[in-house]
Amino acid sequence: VDRRLVERAIEGDRDAFASLALLVSDSLYAVAYRILRDPGLAEDALQNTLVMAWRHLDGLRDPDRFEAWIRRVLVHASYAEARRRGRETATVRRISMTDELVDDGAAVIDRDEIERAFRRLSAEHRAIFVLHYYLGLPLVDIASTLGIPDGTARSRLHYAIRALRALMQPDRMATLEEVNLA
Amino acid sequence: MSDDPRFDRAAREWVDVGPALAPAGAVAAAMAKIASIERPRRRGWRPGVRPVWRGSLAGWLGAAAGLIAAVVVLSAQFGGIASPGGSSSPGSLPTAAPTPVPTAVDTTRWITFTSNLYGYSFRVPPTFQGSPSGDFWTLEKYRNQYDANHGDDILTDEGVRLFVWSIASEEGLDLPGYVDALIDAGGAVGAVCPQPREDWTEIAIDDTAGLMINNTCNSPWAMAVTEAGGRFYTFRVESIVDYPDNPVFRAIVASVDLRPEDAVDPPAPTGSAALPTSSSP
């Protein structure tokens with residue numbers, strides 16, 4: 001992304017911002033879709049992201065960090081979309097640190113199985129999963145994107161993977177604990 | 001990452017499937033909304049805070065002055081968050097303002113969020129939507145599971161998110177020690193951006209001495225903590241905006257009513273790995 005374009009947008013140039021929006025919209029939408037698993041929600045998240053970004057762009061201190069910054073806005077917009085539409089599961093599944101997943105070497109990992117399990121993850125776990133597996137971001141960049149400490153990012157990714165794998169083999173996870181937050 | 005290459009490969013293959021292009025017209029629709037949104041010029045001023053904390057009486061008394069300062073803000077800053085109508089008109093702002101005129105956050109339409117589980121209430125802008133926690137938190141649990149969302153989760157469409165909770169104090173642990181414990185747990189401060197005690201700021205929360213820890217490094221969050229009635233209270237904000245020292249958060253903290261006598265203590269653990277399964281606020 002051209003730094004001068006970002007600087008012009010920060011100064012209030014709508015044309016510059018529109019150019020930026022076109023540059024990043026495909027990537028943002030792809031990430032939002034993968035978090036939300038719904039094209040309508042993802043489009044809403046993208047539009048809200050662009051509106052929020054316009055409103056708050058003057059808070060961006062370093063124009064070179066624009067892409068990371070707007071990705072952070074997108075993740076927050078996706079959280080809000082998931083909550084507003086009631087798609088975010090009301091049940092947080094928590095796994096004790098001491099629990100061990102059963103490693104079934106013969107198991108075949110099926111995409112539908114991943115899809116079903118993924119939809120049951122919290123939005124936070126879905127987001128970090130996508131940032132890691134889809135965008136391939138290193139943990140320090142994931143932490144910056146999510147606005148969380150790097151130690152939390154590491155742990156959250158760990159928990160997300162554990163939760164996903166646990167949800168893919170529920171019968172073997174007798175230690176899975178459900179905490180109803182509703 | 002998962003220590004299972006088969007899972008990693010399957011996960012990558014699965015997540016790659018899906019659209020790579022935004023729907024036609026999505027950007028145009030957003031730009032149409034943006035056309036009616038005026039945005040003030042770049043912010044150049046941050047509300048004054050007094051750095052360097054140590055537990056002197058004078059320092060605690062000084063926190064009262066800090067609290068007053070906390071609700072004094074730029075009219076432009078976070079205007080879209082504090083007032084649902086969006087940001088101020090540019091005509092009301094200085095065009096090149098080295099010394100902007102501070103104004104107070106308008107809290108008249110704010111709503112009250114109450115937790116009988118954790119023992120507090122506070123006020124937030126009407127755009128904030130709360131998701132009350134039904135879960136007990138202890139410092140031990142935080143140390144072990146800091147990944148999990150802790151406490152009440154209050155989110156706004158504007159990209160600001162609050163996590164608020166209280167934890168029963170531990171014997172021999174003072175407030176700075178509690179913050180250190182959060183830091184040690186990895187749930188408060190990243191190793192990349194440590195927030196040394198010298199950078200903490202004294203504040204008052206419901207007339208009780210507290211601390212404000214602002215991350216001004218790589219990720220936008222801030223945390224206000226205090227101790228009352230044998231409980232540590234934590235108010236943490238995450239924001240999309242590039243620095244967390246924001247007046248809306250400070251106004252939220254200034255509205256806090258601590259009621260430790262109402263807080264519910266977690267049940268005694270029944271086993272080495274036992275955790276409370278559920279509870280209702």
Side-chain angles (χ1 to χ4, degrees), chain A residues 10-12 14 17-18 21-22 25-26 29-30 33-34 39 43 46-48 50-52 54-56 58-61 69 72-73 76-77 79-80 83 92 94 96-98 109 111 114-115 124 130 132-134 140 143-144 147-152 155-157 159 161 165 177 179-181, chain B residues 1-2 6-7 10-12 14-16 18-23 26-27 29-31 33-35 37 39-43 80 86-87 129 131 133-135 144-149 155 157-159 161 186-192 218-221 238-243 273 275 277-278:
Chain A
I10 290 173
E11 291 302 317
R14 282 190 173 81
F17 185 78
L22 287 170
S25 59
D26 289 340
Y29 177 78
Y33 174 83
R34 282 159 178 80
E43 184 171 352
L46 170 62
Q47 290 190 22
N48 289 336
L50 296 176
V51 172
M52 276 196 285
W54 169 254
R55 280 184 171 149
H56 298 294
D58 55 346
L60 177 64
R61 286 177 298 184
W69 178 80
R72 178 189 306 157
V73 178
H76 279 270
Y79 291 162
R83 177 184 288 187
V92 170
R94 185 166 297 139
S96 167
M97 292 282 284
T98 60
I109 299 174
R111 284 185 181 174
I114 298 178
E115 178 79 30
E124 288 81 1
V130 169
H132 175 70
Y133 282 109
Y134 181 63
V140 66
S144 180
I148 58 177
D150 47 336
T152 304
S155 131
R156 184 175 296 179
L157 179 59
Y159 277 111
I161 292 170
R165 297 185 71 188
E177 178 189 9
V179 181
N180 191 344
L181 296 182
Chain B
M1 178 66 195
S2 72
R6 289 175 311 133
F7 176 84
R12 286 198 173 89
W14 170 77
V15 81
D16 271 344
L21 300 175
V27 173
M31 291 308 300
K33 295 178 188 173
I34 288 168
I37 301 172
R39 178 157 53 76
R41 295 288 177 178
R42 179 191 279 276
R43 304 172 181 113
S87 45
Q129 296 180 9
S131 177
S133 170
D135 197 12
N144 287 334
Q145 292 194 316
Y146 60 79
D147 159 67
N149 287 342
L155 183 68
D157 291 349
E158 293 289 345
R161 189 170 199 173
V189 183
V192 175
N218 70 332
S219 57
W221 58 265
E238 297 174 359
S239 168
I240 61 169
V241 184
D242 239 11
Y243 57 87
L275 296 171
T277 53
S278 66

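In what follows, chains carry the letters A, B, and so on, assigned in the order in which the sequence lines appear, proteins first and then strands, with residues in each chain numbered from 1.
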Exercise for the section: Indicate the atoms forming the closest heavy-atom contact of B:Pro23 with A:Glu43, along with that distance. Expected result: CG-OE1, 3.6 Å

Handout entry: Partner residues of B:Ala22 under the side-chain contact (heavy atoms from CB on, under 4.5 Å) criterion, sequence neighbours left out
Key = A:Ser25, A:Asp26, A:Tyr29, A:Leu46

Exercise for the section: With sequence neighbours excluded, tell me which residues meet side-chain contact (heavy atoms from CB on, under 4.5 Å) with B:Asp16. Expected result: A:Tyr134

Fill in the blank from the handout: All heavy atoms of B:Ala30 vs all of A:Val51, minimum pair found to be O-CG2, 4.2 Å

Handout entry: side-chain contact (heavy atoms from CB on, under 4.5 Å) between A:Gln47 and B:Met31, worked out
Key = CA-CA 9 Å; A:Gln47 290 190 22; B:Met31 291 308 300; over 6 Å; no

Completion exercise
Here the gap from B:Ile34 atom CD1 to A:Arg14 atom CZ, rounded to the nearest 0.5 Å, amounts to 8.0 Å

Practice task
Of all the heavy-atom pairs spanning A:Ala30 and B:Ala20, show the shortest one and how long it is.
Solution key: CB-CA, 4.2 Å

Practice task
First locate atom CD of A:Glu115, then atom CH2 of B:Trp14, and finally report the distance between them rounded to the nearest 0.5 Å.
Solution key: 5.0 Å

Handout entry: Heavy-atom pair with the smallest gap, counting every atom of B:Ala10 and A:Ile114
Key = O-CD1, 3.9 Å

Exercise for the section: Mind listing the closest non-hydrogen atom pair of B:Val15 and A:Arg34 along with its distance? Expected result: O-NE, 2.6 Å

